[in-house]
There are 2 protein chains.
Amino acid sequence: MSDQKIKNMEGFAAVSGISRPTLSKYFNDPDSVRKSTRQKIEAALKKHDYRPNVYAVNQNRRQTKNIGLVVPNLTDPFFAGIARTIEGLIVKAGFNPLLLSSHGGPEQEISNLESLRSIKPAGVLLAPLGRASFEDQVAAFASEVPTVLFDANLEGIGEAFFGSDNNQSINLIVEYLCRSGEPPVFFEMKTPINPNAYKRRTAYIAAMGRLGHEPHLIQVDGQGWDFEEIGFREGARILTQQKLPTNTILCSNDRLAIGLLSAAFENGIKVGLDATASLRIAGHDDHPFSRFTCPSLTTVSQDYDAIAARGVETILKLIESEKRMQRREETLFEGKLVMRGSA
Amino acid sequence: MSDQKIKNMEGFAAVSGISRPTLSKYFNDPDSVRKSTRQKIEAALKKHDYRPNVYAVNQNRRQTKNIGLVVPNLTDPFFAGIARTIEGLIVKAGFNPLLLSSHGGPEQEISNLESLRSIKPAGVLLAPLGRASFEDQVAAFASEVPTVLFDANLEGIGEAFFGSDNNQSINLIVEYLCRSGEPPVFFEMKTPINPNAYKRRTAYIAAMGRLGHEPHLIQVDGQGWDFEEIGFREGARILTQQKLPTNTILCSNDRLAIGLLSAAFENGIKVGLDATASLRIAGHDDHPFSRFTCPSLTTVSQDYDAIAARGVETILKLIESEKRMQRREETLFEGKLVMRGSA
DNA sequence: TCATTAACTTTACGCGCGTAAATATTATTG
DNA sequence: CAATAATATTTACGCGCGTAAAGTTAATGA
């Protein structure tokens with residue numbers, strides 16, 4: 001670092017002794033120039049600290065290097081974790097991730113897509129809100145910008161979807177619960193936002209049927225994304241006022257389970273596996289906090305490393321080929337049983 | 001929406017019957033044109049769906065409308081929450097927030113600042129890692145771009161700092177704990193990343209002295225941001241192997257407390273206020289999950305609405321005035337006692 | 001009504017870079 | 001060493017918009 005500020009590529013061409021078009025080539029792909037010139041350029045870069053103006057670059061390039069990443073709710077550590085993983089993969093591929101959270105609202109989701117549109121992203125990875133999403137507008141966006149969905153599916157929208165095999169994972173935990181104790185009742189929200197919730201409900205009913213048990217749904221009221229709060233409030237209600245058919249509760253997701261565990265504790269109901277416990281509780285997702293509940297939460301983990309990897313891989317392929325998929329890909333990954341103290 | 005695509009302002013000028021320079025004025029500030037022309041423009045916008053190219057705009061404007069927002073770790077719901085609040089305020093002011101997480105690493109923090117620099121933000125709100133931050137490089141950035149720090153202070157860096165008054169808040173909870181039972185020992189990491197942790201340690205020692213008690217620090221090993229894990233692992237160790245001088249533990253932050261609560265539960269140590277409990281645990285921050293621990297966590301809340309509001313307000317003022325602060329502002333907000341079941 | 005002012009149109013240039021075409025310079029190869 | 005291929009340079013234009021200057025039109029007020 002020395003000398004006075006260089007304000008454009010012209011200036012850097014002067015001090016480096018390399019012509020501007022060659023510099024332009026270099027910045028687009030360092031390997032596209034001869035080794036000797038590359039070394040000259042990099043030597044000059046060390047001395048002079050110049051970087052191409054991103055705005056001028058993006059105005060002229062056919063495609064930007066931006067990849068949008070939209071998640072439904074960043075205050076949920078589950079999504080924050082996936083986002084982090086995906087961001088890392090995008091950066092490693094030489095692209096620029098732009099992270100946006102829909103904060104649980106469909107208006108925000110659309111406004112996220114709109115601000116992405118104005119940034120002209122090469123592609124977008126979208127975990128939609130689900131049931132609440134304004135499907136038409138999301139579809140319109142996805143028809144203009146290469147879009148890959150993950151976590152929650154919107155039928156027919158985007159080039160591909162990567163998510164969890166709720167059928168498999170629910171079956172896994174229902175089987176486990178049945179063979180290790182009483183069959184579970186299913187604790188969920190009456191009108192969940194997330195389409196996975198519906199799949200899990202259906203999968204629960206099917207699994208119970210297959211094992212020869214009567215399914216039993218506990219569907220509680222509650223809106224929004226404060227799942228722990230809903231689990232706590234409604235959990236307290238059903239634990240105190242309702243006679244459960246069995247001593248085992250499977251929650252539609254870990255965050256509900258966290259609230260429910262808290263409610264059980266408050267009401268002096270001992271949860272766990274040993275003989276002194278009167279209730280078993282299990283969840284789904286392997287939420288980052290589920291290791292630290294009391295007792296720690298038995299659950300099913302989602303393979304979100306695979307979801308992230310395949311999602312990024314797919315959007316990169318779409319960007320590179322500049323084509324759309326011949327047919328929409330839909331891949332579900334299997335969950336793994338995570339046995340802990342609560343069931 | 002009709003007609004064929006309009007690709008630039010020239011084209012929109014043609015269909016709207018308004019000259020391009022006037023349109024340019026309008027898009028920079030709708031109120032800068034006569035009402036009648038504004039209506040014409042907005043009528044045309046409804047029909048034709050045109051938006052100025054952000055890259056061309058930002059290349060030519062003296063200042064962009066971008067405001068960078070850097071937090072140490074988005075997977076911590078505490079920061080995700082603040083980020084969300086701040087983002088909302090920035091959008092309301094007509095600016096464009098760019099959210100980046102440093103994931104707990106100083107290299108990432110610097111690389112966040114560098115990618116912000118290339119986006120030429122009008123200003124930046126930065127919650128630095130703290131002790132781990134590469135101070136020189138952060139300072140260099142802050143001298144080029146108007147920067148306001150929050151949450152964690154780096155002495156002398158940036159135009160202003162907004163955070164919590166750890167002295168007041170720790171004093172508050174120490175006093176509460178002392179008057180409601182045995183005086184607390186202080187549970188913390190030996191070498192915390194966060195400068196607030198040091199302030200809290202000092203504040204604890206001072207508060208205990210003031211109340212005539214002997215301070216007692218439990219400083220555990222552990223690196224990184226997995227505070228729950230550290231609290232759990234080291235908590236289990238001290239709860240089982242060490243004889244504590246009192247039955248009350250004040251944790252340096254809620255996430256350590258969450259881990260510690262979990263460790264206590266696993267080891268059959270009953271935590272809480274009633275006579276059957278043998279341990280009291282308190283935290284600091286009012287973490288989103290602290291309501292749902294077992295028992296729920298007594299803690300001190302940070303006034304992060306005020307921190308967010310004042311931070312945004314200040315950066316906007318700096319941007320508007322295009323000047324730096326005459327002198328660095330440092331404002332600390334008071335915490336509030338949140339009494340729950342654990343202490 | 002006409003003078004005054006505010007707002008608009010026309011014209012033109014600049015921002016920093018991508019990129020194409022023609023030409024000049026290096027490497028590579030037998 | 002000459003022929004050929006690979007890479008650089010020179011020159012020039014375009015991207016979409018901000019913005020200044022000069023001229024024109026519309027609103028305002030006594």
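Quick note on labels: first sequence line is chain A, next is B, and so on, each numbered from 1. As the structure is a computational prediction, the values presented were derived from the model and not from experiment.
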Exercise. For the pair made of CG in A:Asp31 and C1' in D:dA6, what is the distance, rounded to whole Å?
Worked result: 16 Å
Problem set entry | Phosphate OP1/OP2 of C:dC8: any B:Thr37 side-chain N/O under 4.0 Å | yes
For this session: Measure from NZ on A:Lys65 to P on C:dC17 and round the result to the nearest Å.
Result: 17 Å
For this session: Answer whether the closest heavy-atom distance between the side chains of B:Ser16 and B:Leu23 falls below 4.5 Å.
Result: yes
Side-chain polar contacts of residues 80-96 of chain B - donor-acceptor pairs under 3.5 angstrom, sequence neighbours left out - could you list them?
from: B:Thr85; atom 1: OG1; to: B:Gly81; atom 2: O; distance (Å): 3.1

For this session: Compare the minimum distances between each of D:dG18, D:dG16, C:dC17 and the side chain of B:Asn53, then state the nucleotide with the smallest one.
Result: D:dG16
Problem set entry | B:Phe141 ring center within less than 6.0 Å of B:Phe134 ring center | no
For this session: Quickly work out the B:Gln39 CD to D:dA26 P distance and round it to whole Å.
Result: 17 Å
Problem set entry | Main-chain N/O of B:Ile18 paired with B:Thr22 side-chain donor or acceptor, under 3.5 Å | no
Exercise. Where the side chain of B:Ser19 is defined as all heavy atoms beyond and including C-beta, which of D:dT10, C:dT10, C:dC17 is the nearest nucleotide?
Worked result: C:dT10
Exercise. For A:Lys7 and C:dG14, what is the distance between atoms NZ and P respectively, to the nearest whole Å?
Worked result: 12 Å
Exercise. So, the side chain of B:Ser102 versus the backbone of B:Pro72: is there a donor-acceptor pair under 3.5 Å, distance only?
Worked result: no
For this session: Say whether, by atom type as modelled, one donor and one acceptor occur between the side chain of B:Lys25 and the main chain of B:Ser32 under 3.5 angstrom.
Result: yes
Seminar exercise, completed: Taken to the nearest whole Å, OH/A:Tyr55 to P/D:dG18 is 14 Å
For this session: Grab the CG-P distance between A:Leu23 and D:dT9 for me, whole Å please.
Result: 8 Å
For this session: Check side-chain hydrogen bond (donor to acceptor under 3.5 Å, both in side chains) between A:Gln59 and all other residues, then give those that pass, not counting sequence neighbours.
Result: none
Exercise. Would a 4.5 Å heavy-atom cut-off, applied to side chains only, mark A:Leu45 and A:Tyr26 as touching?
Worked result: yes
Exercise. Just checking A:Tyr26: base, sugar-phosphate only, or nothing, at a heavy-atom cut-off of under 4.0 Å?
Worked result: nothing
Could you go over nucleotides 19-22 of chain D and give all protein N or O partners under 3.5 Å, atom names and distances?
from: D:dT19; atom 1: O4; to: B:Arg20; atom 2: NH2; distance (Å): 3.4

Exercise. How close or far is atom P of C:dG18 from atom CG of A:Asn58, stated in whole angstroms?
Worked result: 10 Å
Exercise. Looking across every strand, which nucleic acid part, if any, lies under 4.0 Å from A:Gly17 by heavy atom: base, sugar-phosphate, or nothing?
Worked result: sugar-phosphate
Seminar exercise, completed: Under a 4.0 Å heavy-atom cutoff, the residues of residues 112-120 of chain B touching DNA chain D are none
Exercise. Between C:dC17 atom P and A:Glu10 atom CD, what is the distance in whole Å?
Worked result: 9 Å
Exercise. Mind checking whether A:Phe12 and A:His48 have parallel, tilted or perpendicular rings, split at 30° and 60°?
Worked result: perpendicular
Problem set entry | Contacts of B:Arg34 that satisfy salt bridge (charged side-chain N to carboxylate O under 4.0 Å, His left out) - sequence neighbours left out | none
Exercise. Salt-bridged, A:Glu330 to A:Arg328, with N to O below 4.0 Å?
Worked result: yes
Between the protein and nucleotides 26-29 of chain C, list the N/O to N/O atom pairs that are separated by less than 3.5 angstrom.
none

For this session: Step through the shown structure and confirm whether more than 12 heavy atoms of other residues, nucleotides or ligands are within 6.0 Å of CD on B:Glu320.
Result: no
